[in-house]
Amino acid sequence: MILAANWKMNKTAAEAASFVQGYAGGLSEWVVPTVLLVPFTTIPAVAEACSHTGIPKQRLAYGAQNFYYEAAGAFTGEVSADQLLEFGCRHVICGHSERRHVFGESDDLIGKKVRRAVDKDLVPIFCIGETLPERESGQLESVLTRQIEEGLSGVSATNLSKVVMAYEPVWAIGTGVVATPEQAEEAHAFVRKLLVSSFGASASRVPILYGGSVNAENAYTLMIRPGIDGALVGGASLKVESLLALHAACVKAAKEKGEA
Ligand code: PGA
């Protein structure tokens, strides 16, 4: 079970540092790791604040929401894997629906980022998910298949073990309309089947997170479902109390599923 917080374009460095202090201070156990996906400008402050918490890096990790796959060069406005690694980032989101839909990222570009991330030992949190028209016109499986095939093309079975998947139906992101536990479980099972058929049995260990309007009230009913291995949370991750409540819900589900 993993709890990943996607802060999107929120928080100054000072706000981020005080969040980390408050969150770490409120955590009573670390069995479920937390990953903070933070704005670039806050990464040094988050790194510094995390280093003072006494919580092991695997239990309170941080990373970025985006990066560019080239090593260096004339790519105005972009940030490389090495620039993230310099500050201790362990994770990076690839293929978030806002990158796909607001910034026009293609499956091909996302695939290049995923490959670069695993090559650099950054864990890509690789997001996939269908829009409402796609779901309503019966294209759920074909959309997920295309996103997975293109996003993971060229990734070896060994490197797949470094990937974290996130199923985020676009219609559920930031809308308050959460997928039902049945809808999420069904999509996760499909993603799992596809991964195992393409990469073999070891793909059964790749975590698949659910994202889209997860909050402290609905998290447990989703996380308790088989095949849902954690949450990627936007809006409800921005307040310390809310993320702590989400963490407690994940811990409860993980314990009941025998995972912690
Ligand atoms: P949300 O965002 O929790 O605000 O719906 C999730 C995400 O975009 O990862």
Side-chain angles (χ1 to χ4, degrees), residues 2 4 6 37 65-66 69 92-118 123-214 218 221-223 225-234:
I2 299 168
N6 175 10
L37 288 323
Q65 301 163 15
N66 184 32
Y69 65 87
V92 66
I93 300 178
C94 295
H96 189 276
S97 80
E98 285 146 22
R99 299 299 318 171
R100 292 177 188 267
H101 299 292
V102 182
F103 300 99
E105 290 196 8
S106 65
D107 288 310
D108 178 60
L109 174 61
I110 294 160
K112 290 186 168 109
K113 293 185 183 196
V114 171
R115 285 198 293 284
R116 178 71 177 169
V118 290
V123 175
I125 300 183
F126 171 36
C127 301
I128 54 171
E130 81 291 359
T131 63
L132 194 56
E134 288 166 342
R135 173 172 276 265
E136 288 178 344
S137 58
Q139 295 179 71
L140 171 65
E141 296 192 350
S142 62
V143 168
L144 297 182
T145 303
R146 188 201 73 230
Q147 291 175 335
I148 289 175
E149 282 178 354
E150 297 194 26
L152 294 178
S153 86
V155 173
S156 64
T158 310
N159 273 350
L160 186 75
S161 64
K162 301 177 191 167
V163 174
V164 171
M165 299 291 304
Y167 169 64
E168 295 206 311
V170 179
W171 47 271
I173 296 178
T175 58
V177 182
V178 66
T180 64
E182 293 75 21
Q183 285 171 323
E185 189 179 331
E186 190 185 28
H188 281 228
F190 178 75
V191 172
R192 176 73 66 206
K193 195 175 77 183
L194 207 63
L195 291 178
V196 169
S197 75
S198 310
F199 291 91
S202 63
S204 60
R205 289 192 295 276
V206 171
I208 307 175
L209 315 185
Y210 169 79
S213 296
V214 178
N218 61 30
T221 57
L222 289 157
M223 297 306 123
R225 289 283 171 151
I228 301 185
D229 306 315
L232 177 55
V233 186

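All of these numbers come straight from a predicted model, not from anything done at the bench.
- Listed for the Arg99 side chain is no donor-acceptor partner under 3.5 Å among the backbone atoms of Gln65.
- Sorted by first and then second residue, the pairs that involve residues 189-212 and meet side-chain hydrogen bond (donor to acceptor under 3.5 Å, both in side chains), not counting sequence neighbours, are Arg192-Asp229.
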Check the pair Glu134 / Thr131 against side chain to side chain donor-acceptor pair (under 3.5 Å), numbers first and verdict last.
CA-CA 5 Å; Glu134 288 166 342; Thr131 63; 3.2 Å; yes
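- Remark: Glu150 pairs with no residue by the salt bridge (charged side-chain N to carboxylate O under 4.0 Å, His left out) rule, at least two apart or across chains.
- Side chain of Asn218 to backbone of Ser213: a donor-acceptor contact under 3.5 angstrom is found.
- Every residue two or more places apart in sequence or in another chain that forms a salt bridge (charged side-chain N to carboxylate O under 4.0 Å, His left out) with Glu185 is listed here: Arg225.
- Here Lys112 contributes atom NZ and Glu105 contributes atom CD; the two are 11.5 Å apart, rounded to the nearest 0.5 Å.
- Side-chain contact check for Leu195 versus Leu152: some heavy-atom pair is nearer than 4.5 Å.
- Of the inter-residue distances, the one linking Leu37 atom CG with Ile125 atom CD1 reads 4.5 Å to the nearest 0.5 angstrom.
- Residues meeting the ring pair (Phe, Tyr, Trp, His ring centres under 6.0 Å) test with Phe126, sequence neighbours left out: none.
- Take Arg115 and apply the salt bridge (charged side-chain N to carboxylate O under 4.0 Å, His left out) test, not counting sequence neighbours, and it matches no residue.
- In this structure, Arg135 contributes its side chain and Leu140 its backbone to no donor-acceptor pair below 3.5 Å.
- Between Leu232 and Val164 there is no side-chain heavy-atom pair separated by less than 4.5 Å.
- Shortest non-hydrogen contact noted between Tyr69 and Leu109 is CE2-CD1, 3.5 Å.
- Among residues two or more places apart in sequence or in another chain, the side chain to side chain contact (heavy atoms under 4.5 Å, CB included) test is passed with Ser156 by Thr158, Asn159.
- Residues Leu194 and Glu141 fail the side-chain proximity criterion, which asks for heavy atoms closer than 4.5 Å.
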